[in-house]
Number of protein chains: 2
Amino acid sequence: MCRMARPRKPLLSRDRIVAAAGSLIDAEGLEAVSTRRLAAELGVSGPSLYNHFRTKDEILEAVADAVSARVDLSMFDASDGRDWRTALHDWALSYRAALADHPHLVPVLARGPGRRPAGLRVADAVFGAMVRAGWPPAQATHIGALMRYFITGSALGSFARGFVDDESAYDPADYPHLGQAHLLAERREQVDRGAFETGLRALLDGLALQYAALAPGGRGAAATGAAARGGGQGG
Amino acid sequence: MCRMARPRKPLLSRDRIVAAAGSLIDAEGLEAVSTRRLAAELGVSGPSLYNHFRTKDEILEAVADAVSARVDLSMFDASDGRDWRTALHDWALSYRAALADHPHLVPVLARGPGRRPAGLRVADAVFGAMVRAGWPPAQATHIGALMRYFITGSALGSFARGFVDDESAYDPADYPHLGQAHLLAERREQVDRGAFETGLRALLDGLALQYAALAPGGRGAAATGAAARGGGQGG
DNA sequence: ACCTGAACACCGTTCAAGT
DNA sequence: ACCTGAACACCGTTCAAGT
């Protein structure tokens, strides 16, 4: 009935390519992904990929979006949005966990949501929930941004990983306070988690102070478009 | 007296290479730096660089270290370390300014101090000052880490830059709260600065609360007025 | 000691050709 | 429509050769 019958089904699909790229990145890192290598992994030749994606970067973006899609956002549709602090906290843990599962992908995710649908969904959910909780829109934008800064910063620059595992690198004459720094590499996970928890708590405590200081009119219901000024008096 | 006299002075030096690489990165970004291109900029052939650096990555690290070296640390040697909050605040601004001057280099700096002397000097100064102010060493480590997270995260993932400047990317049916998102690209600087200031203030307020709650052994009386008030239920 | 050209084993991407 | 081999313009790095 139809035209001529397909000789055989396609070897490739966007999903297959994204899945293979994700596995390769997790296993061997971002630098391991070349179009030729990825194609070989899929049993095809390099240029075949260009039938499904316009550039290699588009493939990376698609993999990153798949990770963003796994970030839990259910804490934000809790009706009234009263408890913005708890929602923000739980979301931060979920976000961090997603990044920790795919550390090699963090540099891609840290570039921002761009055009990635799942990345935009995350930004949308945070912003919407903060406004619903009574934050002025400008402040809600800032909160989405600064939480991203902190979470991706912690995932990317895993602090302890930045120190080499080699005592001789830290001459006490040069760095009087870094005598134990080579131990950081061993206790990496502990330090990273501790710093993240301390920082998250400080951030939420500090935001709670700012929330308490908001003009009474702006709380409890969706705020007007007027939007308070930026960050108060800082700097 | 000496052996045979040098025929002519060397064409290259580590300093010249680092300076040329820095200029190239600032002008055209990290991807513009290939060994051949950089060598051409210096009037030599590609492999010549390998007489002065072992790898291209070592060149990048040296450029990054030069940026770290320009971060002001003078606020940390203020004798008693009483006012750790102000010192941390001023340092954060200085750090952010250094990164903002060389945005293309942030991905390199975000990897952590590694073996870079100036990077280690920064970590050493922060840690030392916090301990001197009465923070327990473990907490001082966390503070150094979480400040790094936030500052490099904000420089790298410049929030607004992550959104495309194209209204059609944000279908209200998909993202009900992102109606104005394409405006972010225009107001990028404003949003980034506002988010940074809001976040920094929250972070310091939150840390002040934790400082005030330290066992009396950790003295200092440095907590600012903002810390005294409530609002810090645990996360 | 320092620079060179040639070479090796790679890249991302385009394109005419096949089916 | 989808895949291929060949080709273009690149990479980082090594090395024997020159001075």
Side-chain angles (χ1 to χ4, degrees), chain A residues 1-25 27-64 104-105 107-108 111 114-115, chain B residues 1-25 27-64 104-105 107-108 111 114-115:
Chain A
M1 51 199 295
C2 58
R3 205 148 279 250
M4 198 45 97
R6 312 283 166 76
R8 48 195 166 85
K9 39 191 310 210
L11 299 171
L12 252 32
S13 71
R14 287 177 68 97
D15 282 349
R16 275 198 72 219
I17 294 171
V18 169
S23 302
L24 189 52
I25 291 169
E28 304 186 34
L30 222 38
E31 337 74 50
V33 182
S34 73
T35 54
R36 285 171 175 83
R37 171 74 194 278
L38 175 57
E41 217 79 29
L42 287 158
V44 298
S45 81
S48 304
L49 302 172
Y50 290 85
N51 286 300
H52 303 268
F53 290 93
R54 274 203 326 255
T55 62
K56 175 186 164 181
D57 199 61
E58 245 182 31
I59 301 176
L60 263 23
E61 290 285 307
V63 178
H104 297 306
L105 214 52
V108 178
R111 296 196 295 226
R115 310 188 104 93
Chain B
M1 42 196 303
C2 59
R3 207 147 277 247
M4 197 47 97
R6 312 283 166 76
R8 48 194 167 86
K9 39 189 312 209
L11 298 171
L12 251 33
S13 70
R14 287 178 67 97
D15 282 349
R16 275 198 73 219
I17 294 170
V18 169
S23 303
L24 188 52
I25 292 169
E28 304 186 33
L30 222 36
E31 338 74 52
V33 182
S34 72
T35 53
R36 286 171 174 85
R37 171 75 194 279
L38 177 55
E41 218 79 31
L42 287 158
V44 298
S45 81
S48 303
L49 302 172
Y50 290 85
N51 287 300
H52 303 268
F53 289 93
R54 274 202 328 255
T55 62
K56 175 186 163 180
D57 199 61
E58 246 182 32
I59 300 176
L60 263 24
E61 289 286 307
V63 178
H104 297 307
L105 214 52
V108 179
R111 297 197 294 228
R115 311 189 105 92

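Lettering follows sequence order; numbering is per chain, from 1.
- In terms of position on DNA chain D, the residue among Ser48(A) and Asp57(B) whose nearest nucleotide sits closer to the 5' end is Ser48(A).
- At a threshold of 4.0 Å, the pair Arg16(B)-Glu41(B) does not count as salt-bridged, since none of the basic side-chain nitrogens sits closer than that to a carboxylate oxygen.
- The CG atom of Leu30(B) sits 11 Å away from the P atom of dG12(D) (whole-angstrom rounding).
- Going from atom CG of Asn51(B) over to atom P of dT19(D) covers 17 Å, rounded to whole Å.
- Residue Leu12(A) holds its CG atom at 13.0 Å from OH of Tyr50(A), rounded to the nearest 0.5 Å.
- Distance, Leu12(B) CG to dT4(C) C1': 13 Å, rounded to whole Å.
- Judged by Watson-Crick or G-U wobble contacts below 3.5 Å, the nucleotide dA7(C) has dT13(D) as its partner.
- Rounded to an integer number of Å, the gap from CG of Leu49(B) to P of dC15(D) is 17 Å.
- Across all strands, Thr35(A) comes closer than 4.0 Å to base atoms (heavy-atom distances).
- With respect to the salt-bridge test (charged N to carboxylate O, under 4.0 angstrom), the residues Glu61(A) and Arg111(A) qualify.
- Dashed line: the shortest gap from a side-chain N or O of His52(A) to OP1 or OP2 of dA1(D) is not under 4.0 Å.
- Checking dC3(C), dC3(D), dT4(D) against every side-chain atom of Ser45(A), the shortest atom distance belongs to dT4(D).
- If you take CZ of Arg14(A) and P of dC2(D), they are 12 Å apart, rounded to a whole angstrom.
- Atom CZ in Phe53(B) sits roughly 16 Å away from atom C1' in dT13(D) (whole-Å rounding).
- Each of Ala32(A) and Arg54(A) was matched to the nucleotide of DNA chain C holding its nearest heavy atom; the match closer to the 5' end belongs to Ala32(A).
- The partner of dA1(C) is dT19(D), judged by Watson-Crick or G-U wobble contacts that both fall below 3.5 Å.
- Nearer to the 5' terminus of DNA chain D, by closest-nucleotide assignment, is the contact made by Gly43(A) (compared with the other of Gly43(A) and Arg36(B)).
- In this structure, CG of Leu42(B) is placed 11 Å from P of dT4(C), rounded to the nearest angstrom.
- Heavy-atom minimum distance, Leu60(A) versus Ile25(A): CD1-CD1, 4.1 Å.
- Candidate nucleotides dC2(D), dT13(C), dT4(C) were compared by shortest atom distance to the side chain of Pro47(A), and dT13(C) ranks first.
- Nearest to the side-chain atoms of Tyr50(A) among the listed nucleotides dC3(D), dC3(C), dT14(C) stands dT14(C).
- Side chain of Arg14(B) to main chain of Phe53(B): no donor-acceptor pair is present (N/O by atom type, distance under 3.5 Å, no hydrogens or angles).
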